[in-house]
**Student:** 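I'd like to ask some things about the structure below.
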2 protein chains.
Amino acid sequence: MATTIKDIARQAGVSAATVSKVLNRKDHSIGEKTREKIWSLVKELNYTPNSIARSLITRSSRVIGVIVPDILNAYFTELVRACDQAARERGYSTILCNSDSDPEKEASHLTFLASHGVDGIVLAASDLIPDAHLLERLRIPLVSMDREIPDLDCLAARIDTDYETGAFLSASHLIRAGHRRIAFVSGNPLASNTKIRRAGFERAHREAGLPVDPDLIECGAFNHRFGLVATRTLLDRTSFSAMCCMSDMLAMGATVALRERGLSVPEDCAVIGFDNIYIAPLLVRPLSTIERRISESGYLAIGALIDFLDDPTHPRRMVLMEPTVIQRETT
Amino acid sequence: MATTIKDIARQAGVSAATVSKVLNRKDHSIGEKTREKIWSLVKELNYTPNSIARSLITRSSRVIGVIVPDILNAYFTELVRACDQAARERGYSTILCNSDSDPEKEASHLTFLASHGVDGIVLAASDLIPDAHLLERLRIPLVSMDREIPDLDCLAARIDTDYETGAFLSASHLIRAGHRRIAFVSGNPLASNTKIRRAGFERAHREAGLPVDPDLIECGAFNHRFGLVATRTLLDRTSFSAMCCMSDMLAMGATVALRERGLSVPEDCAVIGFDNIYIAPLLVRPLSTIERRISESGYLAIGALIDFLDDPTHPRRMVLMEPTVIQRETT
DNA sequence: TTAGCCTAGGTAAACGTTTACCTAATGGGT
DNA sequence: ACCCATTAGGTAAACGTTTACCTAGGCTAA
């Protein structure tokens, strides 16, 4: 159906090998005339190499898989976009997979990507630790983002955010503003990225000589829906004057719940988010939050991955992104 | 490296063809023992078929490409998610491509998808009309969403939204509420999906016996940033008591600009959006908007595409989604 | 002259599957 | 005893590339 290398070869009166060499610029021993003839046929017949056949023989697809737990969370949307851009700039494409924080789906995406011959994978935090055996078996270069992950030899890099500091800054920001009872809302309580943030939250209290009331803690998921229900639960259970939300989506949900009860932000209750997603400054009450330079981490991840692909002996990169506070109008 | 069908064949003491038959359940002439032996080896060796090799020979990948103009627009995020889910339910996977409303990027994604052997493509509205020659050449089954598109024979379906009615409803809603000067903000003025909406907007005025002031029209893009700057421009230029925003992202940007100037919504200026993205009800002022059942259209698109793949003589589906008004708190 | 080296390009195997067609043995019916 | 069908599985080509190695002619330098 579509034009193949053989069609070009036939019409140029040369062998397929010659065409392949020209196409791949391994043409140091191909005559000028032949080269030109081939290129002009390529244009004329709109030849595009069949990447499938190419991948099959070269064992490389120049495609990178990106797995995220929740594409609807704007944090991951932005991350995915940054990865895609970064990859494209380096001649790679990406395939996006959405795991819904479901380890089974994640595993099935992993095998899907493997069987489709991706050269590498960016695995972004879901709540659970991935199946180490599977990763081991797949042997696909991997960069892990904000994940606990075993030290595999196909691990090209880890890009982590200093969640302890992030949560510490978040809580300290509110404590400095005079708040004494601060709610803490975060993702899956069993996931390390929640535990670590909780540690930072508690340290801020300790250093300020304040107690932490377990009644003020609600952990479950990072999406807006949980932000909404968690805040309702908290409001029913106890009282507080500020909320540390460990994602901006949570903060958005929280804000709605507060307003539902007639509380205004920040007058009745301050709210700080985490991630600094692009919507955060655009909310009617621009959201104070913790900046974590999303695009930069995407670029870093892809960069580290491709460097590793180019040269697997390349020293592993272990990056710890340092978050900062952005004060807007909700605190 | 990874286990292949030959490894299984060798260890089972049969030929590769036999293994292939069993794997593909074309095993009516394979003995029970052999079948069992093969399946147990498959488990034991963690065999996963190499999709690349498989695609090469079968000329089918069970992958669908999805091209959207702006993944950061929550409308498309939701659409993409719905497509992915729908595809997965029918045994397909998706590859997401983000075109940034750039026809060149779009074309390059199209050839990328073609060369990677996707079985079909869902092409969602960008502002511009796609390169018909390219589509013609590629001959990949296509479903077009909210796009003007030539009548190719590889066009499996069109899923369009009745934008005229949508915009009409949007404006009528505001007119009925007593507004007389209503601003209109939409995407690329040259794109049909803006022109059509503008027609609906104007019809609502005509039917109400109201004039349309061209000073109240600002068209450029569907993202929040344009919503922000367009609203600033409008506020500098003229006065109005309500805004018809042709996407919720625009409405969010508009709301911020209004607030910036000390105007409150809906008291000083009503705002209605379009799309009913999942964030819309979650904004501090839940956004009135035009519902267009995003997930449903994603499911429809994928369904139509796969039906076409299963049977290319399947009658083309041309769906026109009817939008409805959702009143919340901004009008 | 001849070994050796360019230059220009061809040959064929390989990547991991699928599939049309072949074979060989067995069994049943007449 | 012969024919035909059925069962169980094998053979080999094909998909569209890439690449290691080959060839053949011509040139150069000793």
Side-chain angles (χ1 to χ4, degrees), chain A residues 1-39 41-42 45-63 111-112 114-119 138-139, chain B residues 1-39 41-42 45-63 111-112 114-119 138-139:
Chain A
M1 194 87 242
T3 315
T4 78
I5 215 172
K6 287 180 189 164
D7 300 325
I8 307 272
R10 192 168 352 92
Q11 298 202 32
V14 298
S15 76
T18 304
V19 178
S20 173
K21 284 174 195 159
V22 171
L23 259 34
N24 294 290
R25 271 138 185 125
K26 303 198 166 155
D27 51 0
H28 57 94
S29 82
I30 307 293
E32 191 59 37
K33 309 241 103 168
T34 316
R35 216 178 298 185
E36 277 170 16
K37 171 152 236 168
I38 288 173
W39 280 119
L41 280 167
V42 164
L45 304 179
N46 287 310
Y47 170 74
T48 323
N50 180 321
S51 313
I52 297 193
R54 196 207 286 267
S55 304
L56 185 57
I57 185 109
T58 62
R59 297 152 171 290
S60 148
S61 56
R62 294 189 84 77
V63 173
T111 45
F112 168 78
S115 94
H116 281 265
V118 296
D119 292 348
L138 263 25
R139 289 200 177 305
Chain B
M1 194 88 244
T3 315
T4 78
I5 214 172
K6 287 180 189 164
D7 300 325
I8 307 272
R10 191 167 356 93
Q11 298 203 32
V14 298
S15 77
T18 305
V19 178
S20 173
K21 285 174 195 156
V22 173
L23 259 36
N24 294 290
R25 274 143 180 121
K26 305 200 163 153
D27 51 0
H28 57 95
S29 83
I30 307 292
E32 191 60 36
K33 308 242 103 168
T34 317
R35 217 179 299 184
E36 276 170 17
K37 171 152 236 171
I38 288 173
W39 281 118
L41 279 167
V42 164
L45 304 179
N46 287 309
Y47 169 74
T48 323
N50 180 323
S51 316
I52 297 193
R54 197 208 286 265
S55 305
L56 185 57
I57 186 106
T58 61
R59 296 152 171 289
S60 148
S61 56
R62 294 189 84 75
V63 173
T111 45
F112 169 79
S115 95
H116 281 265
V118 296
D119 291 348
L138 262 25
R139 289 196 179 305

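Only heavy atoms go into these numbers, but all of them, side chains included; no hydrogens, no water, no symmetry mates. All of these numbers come straight from a predicted model, not from anything done at the bench. So that the names make sense, note that chain A is the first sequence line, chain B the second, and so on, each numbered from 1.
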**Student:** Have a look at A/S29 and say if it touches a base, only the backbone sugar-phosphate, or nothing, with a 4.0 Å heavy-atom cut-off.
**Tutor:**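 Base, at least one base heavy atom under 4.0 Å.
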**Student:** Is B/S15 close enough to D/dG10 that one of its side-chain N or O atoms is under 4.0 Å from OP1 or OP2 there?
**Tutor:** yes
**Student:** Quickly work out the B/L23 CG to C/dG16 C1' distance and round it to whole Å.
**Tutor:** 12 Å
**Student:** Return the value, rounded to whole Å, for the distance between atom CG of B/D27 and atom P of D/dA8.
**Tutor:** 11 Å
**Student:** Counting just side-chain N and O atoms, does B/T4 come under 4.0 Å of either OP1 or OP2 of C/dG16?
**Tutor:**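 For C/dG16, neither OP1 nor OP2 has a side-chain N or O of B/T4 closer than 4.0 Å.
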**Student:** Taking for each residue the nucleotide of DNA chain D bearing the nearest heavy atom, is the 5' side occupied by A/I5 or by B/A17?
**Tutor:** B/A17
**Student:** Do side-chain atoms of B/S61 reach the backbone of B/S55 as a donor and acceptor pair under 3.5 angstrom?
**Tutor:**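 No: the side chain of B/S61 does not pair with the backbone of B/S55.
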**Student:** Calculate the interatomic distance between A/I30 atom CD1 and C/dT7 atom C1'; express it in whole Å.
**Tutor:**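 Spelled out: CD1 on A/I30 to C1' on C/dT7 is 10 Å.
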**Student:** Does A/Y47 put a side-chain nitrogen or oxygen below 4.0 Å from OP1 or OP2 of D/dT17?
**Tutor:** yes
**Student:** Just verifying a value: how many Å separate A/W39 CH2 and A/I8 CD1, rounded to the nearest 0.5 Å?
**Tutor:**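 Between A/W39 CH2 and A/I8 CD1, I get 9.5 Å after rounding to 0.5 Å.
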**Student:** With distance as the sole test, does A/T58 use its side chain to make a donor-acceptor pair with the main-chain N or O of A/R54 at under 3.5 Å?
**Tutor:**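 Yes, A/T58 side chain to A/R54 backbone: donor-acceptor pair under 3.5 Å.
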**Student:** Please state how far atom NE2 in A/H28 lies from atom C1' in C/dT7, giving the value in whole angstrom units.
**Tutor:**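 My rounded result for the distance is 10 Å.
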**Student:** Using heavy-atom distances to pick each residue's nearest nucleotide on DNA chain C, tell me which of B/T18 and B/N50 is more 5'.
**Tutor:** B/N50
**Student:** Find the distance B/K21:NZ to C/dT18:C1' and express it as a whole number of Å.
**Tutor:**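 Distance check: B/K21 NZ to C/dT18 C1' gives 10 Å.
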**Student:** Rounded to the nearest angstrom, tell me the gap between atom CZ in A/R35 and atom C1' in C/dT7.
**Tutor:** 12 Å
**Student:** Measuring to OP1 and OP2 of D/dC15, would you say a side-chain N or O of B/R59 lies under 4.0 angstrom away?
**Tutor:** no
**Student:** Using heavy-atom distances to pick each residue's nearest nucleotide on DNA chain D, tell me which of B/T34 and A/A53 is more 5'.
**Tutor:**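 Nearest-nucleotide comparison on DNA chain D picks B/T34.
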**Student:** What is the distance, to the nearest angstrom, from the CG atom on B/L56 to the P atom on C/dA14?
**Tutor:**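 Going from CG in B/L56 over to P in C/dA14 covers 17 Å.
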**Student:** Starting at CZ of B/R25 and ending at C1' of C/dT18, how long is that distance when rounded to a whole Å?
**Tutor:**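 For the pair B/R25 CZ and C/dT18 C1', the rounded distance is 16 Å.
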**Student:** Okay, side chain of B/T48, backbone of A/S115: is any donor-acceptor separation there less than 3.5 Å?
**Tutor:**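 Pair absent, no side-chain N/O of B/T48 close to backbone of A/S115.
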**Student:** For B/I5, which of B/V19, B/T18, B/V42, B/N50 qualifies under side-chain contact (heavy atoms from CB on, under 4.5 Å)?
**Tutor:** B/V19
**Student:** Look at the side-chain N and O atoms of A/K26 and state whether any lies under 4.0 Å from the OP1 or OP2 oxygen of D/dT19.
**Tutor:**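 It does, given that an N or O in the side chain of A/K26 lies less than 4.0 Å from OP1 or OP2 of D/dT19.
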